[in-house]
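Values reported hereafter were calculated over all heavy atoms of this structure, with side chains retained and with hydrogens, waters and symmetry mates removed. Order of appearance sets the numbers: ligands from 1, and atoms from 1 within every ligand. None of these values were measured; they are calculated from a predicted model.
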Amino acid sequence: MQADIERVLIDREAIAQRVHELAGQIVADLGPDAAVEDQEITLVPILTGSIIFVSDLIRKMPLRMQIRVMSVTSYPGRATASRGASVEAALTKLPDSLEDRHILIIDDILDSGNTLSLAREMIQKRSPESLRSCVLLRKERPEAMEAAVDYVAFDIPDEFVVGYGLDYDDYYRNLPDICTLRQEVYTR
Ligand code: IMP
Ligand code: MG
């Protein structure tokens, strides 16, 4: 696995530091009442790429919160670029009504923006008290830079990356750093 890495784009220390900082910002933006029990905060992580990010983030957010995962499929198998109308399906166990709930959607990476906009749309229909979104990475391409998002941990060049939850063909999610892969990996 290590031999497949081309270069480390963001190392584990930089990730940890930024995730800690971002958690503080999110908590601060929820306001001084955020620690009070009557605030109903629900995090909606988008599977599978956000799992490591969300697990680190929530442990830096000392708030009462619920977690409801959502699954969106956009990059089938070995694809490394968004496929047109890329979002294929969304599976969610969200309740029909999210009234009185403050929702924070969490995803690994903002690329074409399709995943996040589908997730926002599905949640908005359920009338949440507030709706924000947060991504670990945002690619420096127009669609991503123009997409609606409230929190971004890192902006990165428009390259395919893996690690810290992000996959290629469902592999490499367990790499602790965010990396690019050697070209041979894609042509195997
Ligand atoms: P979007 O819908 O095009 O914004 O893409 C978002 C989803 O595509 C992410 O949740 C990832 O699962 C996947 N994705 C996009 N870019 C990358 C990448 O560079 N590496 C791994 N997965 C990616
Ligand atoms: Mg994903």
Do [X] and [Y] have side chains that approach each other closer than 4.5 Å (heavy atoms only, starting at C-beta)?
X      : Y      : result
Glu129 : Arg101 : no
Val135 : Ile106 : no
Cys179 : Tyr172 : no
Ile10  : Ile156 : yes
Lys139 : Ile109 : yes

Please identify each residue that fulfils salt bridge (charged side-chain N to carboxylate O under 4.0 Å, His left out) with Arg126, with sequence neighbours left out.
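Applying salt bridge (charged side-chain N to carboxylate O under 4.0 Å, His left out) to Arg126 gives none.
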
Can you sort out which atoms of ligand 1 are near [X], meaning under 4.0 Å from one of its heavy atoms?
X      : result
Gly113 : 1 (P), 3 (O), 4 (O)
Lys139 : 16 (N), 17 (C), 18 (C), 19 (O)
Glu159 : 19 (O)
Asp107 : 10 (O)
Asn114 : 2 (O), 4 (O)
Thr115 : 1 (P), 2 (O), 5 (O), 6 (C), 7 (C)

Compute the minimum heavy-atom distance from Leu166 to ligand 1 and say whether it is under 4.0 Å.
yes

Heavy-atom pairs closer than 4.0 Å: do any link ligand 1 to the side chain of Asp108, the backbone, both, or neither?
side chain

Any idea which of Val161, Val135, Thr180 brings a heavy atom closest to atom 20 (N) of ligand 1?
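That would be Val161.
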
Taking all atoms of both residues into account, what is the closest heavy-atom pair of Asp158 and Glu140, and its distance?
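In this case the closest contact between Asp158 and Glu140 is CB-O, 4.0 Å.
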
